[in-house]
There are 2 protein chains.
Amino acid sequence: MDKTDRTILAALQNDARLTNNELADIVGLSASQCSRRRTQLEKDGIIVGYHAKLDREKTGFGLTTIISVTLATHNSENSKLIRELFDSLPEVIEAHAMTGEMDYYIKIATKDLKSLSSFINDKLLAHEAVQHVKTAISLETLKDTQNIPIGQ
Amino acid sequence: MDKTDRTILAALQNDARLTNNELADIVGLSASQCSRRRTQLEKDGIIVGYHAKLDREKTGFGLTTIISVTLATHNSENSKLIRELFDSLPEVIEAHAMTGEMDYYIKIATKDLKSLSSFINDKLLAHEAVQHVKTAISLETLKDTQNIPIGQ
DNA sequence: ATCACTATGCAAGCACCTTGCATGGGATTT
DNA sequence: AAATCCCATGCAAGGTGCTTGCATAGTGAT
């Protein structure tokens with residue numbers, strides 16, 4: 001992976017709909033070569049996928065919440081259970097195992113406070129492995145590019 | 001925006017490279033109509049953009065950190081400054097103004113602990129508006145679909 | 001200096017996207 | 001209930017973009 005590849009990656013992070021002709025202008029190669037490089041980056045698993053980004057407000061999922069989850073007991077069984085729980089819940093759009101006193105950070109997308117409340121009570125706290133949660137609601141999303149700074 | 005539109009949105013969230021023919025099979029319309037609906041969803045700002053998702057490890061940005069930022073003084077000037085700061089830092093891939101005792105949650109993508117350390121010290125703590133930060137490092141990303149659960 | 005291998009550009013064939021046009025379905029009004 | 005209007009839809013054609021075979025240039029090793 002050379003500088004040209006990184007330029008392609010940065011460009012496609014910003015706009016996955018770029019044609020190979022447009023990519024060619026950006027990186028200074030022919031369109032066919034851009035096509036080949038892009039295909040290779042996909043094969044190598046460097047490009048994982050292409051996703052449409054939706055407006056959270058307009059789609060009715062404007063509420064973003066970050067929840068810290070603490071396990072009841074720290075063992076591999078509970079760890080496995082909690083992963084399966086996060087996997088199975090579509091409201092969980094991101095989940096991390098963390099350092100520090102909080103075991104997991106998860107990001108939640110819901111319609112409103114009512115659905116958030118039922119998510120926490122019925123899905124999270126109802127689970128045997130979960131001991132405690134700490135909820136922080138996003139008042140405003142200031143930035144939300146998940147783009148890694150590969151171009152810089 | 002009807003049920004068909006939501007199906008299209010859910011499909012494009014998962015795979016932005018779907019052709020209109022493939023979309024047509026999914027939603028049960030013709031390809032031309034899928035094209036028209038998709039164009040309209042873009043015009044309405046419901047589809048904000050299309051982005052390639054990259055492998056964090058393979059691109060060398062495997063370190064994810066969540067930082068709570070507390071302001072020195074809560075006034076509109078500092079609020080403005082902190083927004084501009086987050087905007088200008090490419091390592092900040094997500095930023096929220098939060099409820100609770102912590103003012104901002106930001107998500108950071110860096111290559112390693114060294115670059116994280118210099119980010120915190122030279123970029124964050126060096127800023128006049130920042131009083132205090134609390135750092136939590138992701139040991140493992142369990143889930144990272146930013147897809148809103150519009151299909152469910 | 002030679003050889004081998006990879007990257008590249010060009011061109012053609014193919015797939016896909018877009019848009020004009022005609023049709024059909026649904027809702028509203030009389 | 002009938003008529004009318006409007007919007008969504010399907011079809012087809014024209015144009016655009018993507019992919020791949022082939023020949024060539026560039027690069028590195030021996």
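We name chains A, B, ... by the order of the sequence lines, and we start the count at 1 in each one.
Rounding to whole angstrom units, OH of residue Y50(B) and P of dC17(C) are separated by 11 Å. As rounded to whole Å, 14 Å separates atom P of dC18(D) from atom CZ of R36(A). Rounding to whole angstrom units, CG of residue D2(B) and C1' of dT9(D) are separated by 13 Å.
Using cut-offs of 30° and 60° on the angle between ring planes, the pair Y104(B) and F86(B) is perpendicular.
DNA chain C is contacted by L29(A), S30(A), S32(A), Q33(A) of residues 13-35 of chain A, taking any non-hydrogen atom closer than 4.0 Å. Listed by residue number, the members of residues 37-44 of chain B with any heavy atom below 4.0 angstrom from DNA chain C are R38(B).
Side-chain contact annotation: Q33(A) with R36(A), donor-acceptor N/O pair under 3.5 Å present.
Between E140(B) and R83(A) there is a salt bridge, since a side-chain N of the basic residue sits under 4.0 Å from a carboxylate O of the acidic one. Using a 4.0 Å cut-off between charged side-chain N and carboxylate O, R17(B) and E22(B) make no salt bridge.
Connection of I93(A) to L116(A) is not established within any shared hydrophobic cluster, with ILVMFWY side chains joined at heavy-atom distances below 4.5 Å, either directly or through further cluster members.
Shortest non-hydrogen contact noted between I47(B) and R38(B) is CD1-CG, 4.2 Å.
Cation-pi geometry between K111(B) and F61(B) is satisfied (NZ or CZ under 6.0 Å from the ring centre, within 45° of the ring normal).
From C34(A), atom SG reaches atom CG of N20(A) across 6.0 Å, with rounding to the nearest 0.5 Å.
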